[in-house]
Amino acid sequence: MSQYESASIERRWQKMWKDGSIYHFDKDSDAPIFSIDNPPRYASGSLHLGHATGYSMIDFVARYRRMNGYNVFFPLCFDVNGTPVEVKVEKKHNITKLDLPRNEYRKLCSEYADSFIDEMKHHFEILGESMDPSIYYQTDAPYYRRITQISFVKLFNKGLVYKGNFPVNWCPRCMTALADAEVEYDKNVTKLNYIKFMVDGTDDHISVATTRPELLCTCKVVAVHPDDKEKRHLVGKDLVTPLYGRKVKVIADPKVDPAFGTGNVMICTIGDKDDLEWVMKYKLEMEKGIDEFGKMTALAGKYEGMTVKEAREAAIADLRESGLLVRQEDSPQNVSACWRCHAPVEFLQVPQWFLKTLDFKKQVLARAEEMNWYPEFMKIRLQDWVNSLEWDWVLSRQRIFATPVPVWECEDCGHAVAATEEMCYVDPTEDSPPISKCECGGKLIGCTDVFDTWMDSSGSPLYNTFWERDSEMFKRMFPMSMRPQSHDIIRTWAFYTILRSEQIASSIPWKDVMIHGFIMAPDGTPMHSSVGNVIDPIPIINEYGADALRYYACNCSMGIDHAFREKDVIRGRKLCNKLFNLGQFAGPRFDRRPEMPENLRTSDKWILSRYSDVVTSVTGHFESYQFDKAMRDAENFIWHELADHYVEMVKSRRDDAAKYTLYTVLLGSVKMIAPFMPHIAEDIYQNHFAAHEKDRSIHLSKWPATVLNDKKAESTGDLLKDVIAAVRGWKSERKMPLNAELNMVEIIGDCLMLNDARVDITETIKAKNLEIVETADITEEVISLKPVHSKLGPAFKGLAKMIVAEIAKLDPAKAASMLRNGGITIEADGQSVTVTEEFLEPEKRLMLNGKQVETIQVGGILIAIEP
RNA sequence: GGGCUCGUGGUCUAGGGGUUAUGACGUCUCCUUGACAUGGAGGAGGUCGCCGGUUCAAAUCCGGCCGAGCCCACCA
């Protein structure tokens with residue numbers, strides 16, 4: 001077998017890893033812990049390319065750390081909370097949250113989500129993920145929700161939680177409040193309606209442009225710009241609202257854009273966030289024109305009970321009929337929409353639980369400075385977000401399938417009583433409060449609100465480090481080693497986690513943050529199922545293997561988005577095949593674990609020293625999460641130094657030095673690849689090394705160390721490689737087979753160090769006779785002198801250009817002889833300068849007995865060949 | 001509108017003041033050699049987005065412009 005068959009081989013080792021619990025996190029181990037705050041995969045079923053690459057990148061870290069002696073904490077985990085599941089369940093069963101008792105509704109959601117878990121576990125398995133099932137968690141489980149609730153109770157008792165009656169983003173379809181971070185903007189074109197407002201007591205009118213005439217019922221004031229000369233006289237006067245006939249004042253406010261619409265703004269309580277700013281500024285009384293169902297309230301008069309959209313259409317029709325609608329024009333707008341169900345979001349005043357956030361801006365920014373961000377520039381995203389925050393965090397949602405807010409409220413006085421920590425996990429809609437009645441004697445009613453899912457998610461470092469479960473472990477593990485995530489949720493997951501770690505533990509949650517980008521469609525645009533350009537990774541894995549897909553993943557540098565490139569996957573498969581065949585070649589030569597012998601040849605020292613350099617650079621790149629660079633260095637070495645050159649040199653050797661070198665370099669190389677391509681690495685290890693090594697899996701073996709640092713051998717080796725490559729190239733040019741024998745090869749020049757490698761040369765290029773000499777009975781003819789700019793520039797500065805021009809005018813042969821006799825003196829810019837040998841590099845042609853021979857020039861040396 | 005990232009052969013990409021600009025995929029020529037033809041040796045193919053500036057020297061640093069993507073804000 002000379003081809004690597006990914007499908008059967010990958011399955012084989014996946015089974016071995018699973019059966020052998022290779023990736024077990026050992027709580028009792030004294031080894032240093034490396035903990036990964038793995039993103040729990042959302043329970044939605046289908047695996048997309050972004051998952052496949054993102055989780056592969058995290059796996060690279062886990063495997064690398066494991067091989068470096070860490071007790072790696074890398075949990076298998078799933079996120080099973082929140083409204084996306086609810087939305088799907090409601091669609092599937094054609095219900096809303098009001099149609100079923102809470103318990104039954106919850107059960108449907110839970111069953112729906114759980115139905116995906118096995119499939120998702122399988123996905124991780126076929127990707128070769130090294131997550132540990134022994135530290136499995138699911139965010140909807142009571143053991144996880146308990147942590148969310150305890151952390152809430154602590155914050156509640158610290159006075160950081162309050163119930164507020166502020167306007168919040170409200171999704172009428174989900175019937176719940178939303179955080180700013182949950183609101184999306186969809187592009188849309190709407191009608192901008194120009195409506196007449198009569199000036200009270202006169203026949204004058206002004207027109208107001210609005211996209212939302214249905215909100216006229218809560219119109220409180222009309223604002224104009226203070227510099228607007230035409231309207232200034234109206235400030236302070238009353239206008240009459242159309243349809244409702246209410247009197248509203250005209251005010252002047254600099255935030256009004258005189259160029260938009262009519263330059264007059266009607267301010268309603270409450271339409272959007274801009275309205276809210278004015279409402280706060282002018283202390284306007286809040287009125288609720290739209291209710292939680294997205295329907296108009298009694299305030300809307302004849303439109304009561306209509307949906308917002310119906311009311312808008314009806315209001316426009318009425319305005320038109322009564323001649324108050326001046327005109328309409330198209331207006332592009334961004335409609336705020338619920339990120340889960342895409343229904344338009346309203347801005348409503350509904351009592352909600354808030355967590356104090358604005359007071360912690362400084363602390364969060366300071367904590368961000370304490371952590372290492374990879375890449376560094378992603379920290380700016382967090383800073384921008386924190387600096388732009390204007391509201392505290394709305395913690396509560398009026399949903400069902402999520403962690404309940406562990407609070408009871410007094411029916412009479414509204415006093416809130418939180419659960420005790422010991423009670424958690426608790427469901428106030430079913431369980432009794434910690435005290436039988438309120439201090440005022442009133443009855444305590446269980447809160448039906450649940451938490452924003454980010455409240456659960458942002459507690460993952462607390463859950464992972466055994467907070468409130470095992471204080472010893474928490475002490476050892478908190479803060480965690482690293483958080484991997486994508487850049488889109490910096491403002492949510494990263495931000496909330498940092499915030500809560502500060503509030504709960506006065507600490508950073510993790511030391512490192514690794515931010516990866518998105519995988520885009522091959523044309524660089526985002527993948528969307530609505531566009532139909534989503535790429536399914538499963539067929540790719542089936543065709544090329546998981547290692548090939550992982551190879552693609554490691555070529556995606558951190559922080560930036562990447563268009564999918566199938567050719568990288570193809571390259572990955574080829575690399576698997578190359579590695580597999582290196583094993584096939586070398587494996588049979590190994591009979592034991594060899595010790596380093598005394599008599600290493602130059603070529604051995606060369607590859608060992610180069611290998612050591614690569615170990616150092618690859619290790620450095622792993623430490624800074626630069627997988628693309630790590631892979632490039634490792635791959636380039638393995639393919640183009642080890643395979644193309646060293647293996648060619650040792651093909652005919654069976655000595656201990658060759659065995660030792662090949663064994664050491666190949667094993668170490670495979671280890672460097674192991675975090676990226678775990679299957680092929682394990683396959684080579686098991687087939688060719690396991691018999692001589694003690695580790696039961698390459699993934700439990702030690703990361704390679706440097707062996708030798710011999711710069712002299714490296715430069716000799718590079719020359720050797722160049723000489724051999726040159727001769728092979730020469731053969732290729734003459735269409736000769738690479739193993740064609742040559743009568744005589746003469747290497748001439750500063751190359752006596754190649755004497756160490758005579759055998760390597762003759763064996764590799766198949767030369768019957770080899771001469772290595774410093775000079776030969778040949779004449780050299782200098783055909784040109786090349787300026788060495790890197791030396792000329794610093795030495796002669798501004799004159800360098802003229803010097804180069806002057807030298808180019810000289811006859812090369814004569815100039816070369818002048819150079820040998822002390823230098824060339826040139827008049828440049830009125831000055832006389834002398835250019836010596838170091839500044840010019842002669843290019844020579846060789847003549848043997850006055851006749852040009854077949855020569856190849858390699859750097860400063862020449863190779864003469866007699867076929 | 002703001003922030004971030006990026007414009008390098010046909011496509012994708014590395015590099016990031018100093019000889020001839022890296023590699024992959026594609027393409028063309030040649031080579032079955034005892035690990036691999038999913039291989040090897042070579043070739044063709046580039047004004048490093050545009051315009052200025054700094055410098056002896058700019059693909060690289062600085063400024064401006066043009067273009068792309070992501071994130072954020074958002075107009076009644």
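Throughout, a chain's letter reflects where its sequence line sits, starting with A, and its residues are numbered from 1.
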What's the separation between atom SG in A/Cys217 and atom CD1 in A/Ile290, rounded to the nearest 0.5 Å?
7.5 Å
For [X] and [N], what is the distance between atoms [atom1] and [atom2] respectively, to the nearest whole Å?
X        : N     : atom1 : atom2 : value
A/Ile251 : B/A76 : CD1   : C1'   : 13 Å
A/Leu192 : B/A76 : CG    : P     : 7 Å
A/Lys629 : B/U13 : NZ    : C1'   : 12 Å
A/Trp385 : B/C72 : CH2   : P     : 7 Å
A/Asp488 : B/G3  : CG    : C1'   : 16 Å
A/Phe518 : B/C6  : CZ    : C1'   : 17 Å
A/Glu837 : B/U19 : CD    : P     : 22 Å
A/Asp523 : B/G69 : CG    : P     : 10 Å

Using a strict threshold of under 4.0 Å (side-chain N to carboxylate O), is an ion pair present between [Y] and [X]?
X        : Y        : result
A/Arg381 : A/Asp384 : no
A/Asp591 : A/Lys659 : yes
A/Glu346 : A/Arg212 : yes
A/Lys220 : A/Glu287 : yes

Output the single nucleotide from [options] whose closest atom is nearest the side chain of [X].
X        : options             : answer
A/Gln3   : B/C36, B/C4, B/A35  : B/C36
A/Phe377 : B/A35, B/C25, B/C4  : B/C4
A/His640 : B/A24, B/C70, B/A35 : B/A24
A/Ser790 : B/G18, B/A35, B/G26 : B/G18
A/Arg491 : B/G15, B/C72, B/U5  : B/C72

Classify the nucleic acid contact of [X] as base, sugar-phosphate or nothing, counting any heavy atom under 4.0 Å across all strands shown.
X        : value
A/Ala643 : base
A/Pro375 : nothing
A/Val265 : base
A/Met378 : nothing
A/Ser388 : nothing
A/Ile380 : sugar-phosphate
A/Asp644 : sugar-phosphate
A/His789 : base
A/Val647 : base

Could you walk me through whether A/Ile684 and A/Tyr4 pass the side chain to side chain contact (heavy atoms under 4.5 Å, CB included) test, one step at a time?
CA-CA 11 Å; A/Ile684 295 170; A/Tyr4 175 67; over 6 Å; no
Consider side-chain hydrogen bond (donor to acceptor under 3.5 Å, both in side chains). Of A/Arg312, A/Arg327, A/Gln328, which one does A/Asn193 pass it with?
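Going through the options one by one, the only one that passes is A/Gln328.
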Does [N] have OP1 or OP2 sitting under 4.0 Å from an N or O in the side chain of [X]?
X        : N     : result
A/Arg571 : B/C25 : yes
A/Lys651 : B/A35 : yes
A/Lys379 : B/C4  : no
A/Trp639 : B/G40 : yes

RNA chain B: stems of at least 3 consecutive Watson-Crick or G-U pairs whose donor-acceptor distances fall under 3.5 Å
B:1-7 with B:66-72, B:10-12 with B:23-25, B:27-31 with B:39-43, B:49-53 with B:61-65
How would you list, by chain and number, every residue that makes a side chain to side chain donor-acceptor pair (under 3.5 Å) with A/Ser652, sequence neighbours excluded?
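With neighbours one apart ignored, the set is A/Glu763.
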Kindly indicate whether the side chain of A/Lys578 and the base of B/C36 share any N or O donor-acceptor pair separated by less than 3.5 Å?
yes
Scan residues 556-567 of chain A against RNA chain B and write down, sorted by residue number, each residue with any heavy atom closer than 4.0 Å; if none is found, say none.
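By residue number: A/Ile560, A/Asp561, A/Arg565, A/Lys567.
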Kindly say whether [Y] contributes a backbone atom to a donor-acceptor pair with the side chain of [X] at under 3.5 angstrom?
X        : Y        : value
A/Lys578 : A/Ala643 : no
A/Trp385 : A/Arg491 : yes
A/Asp523 : A/Thr525 : yes

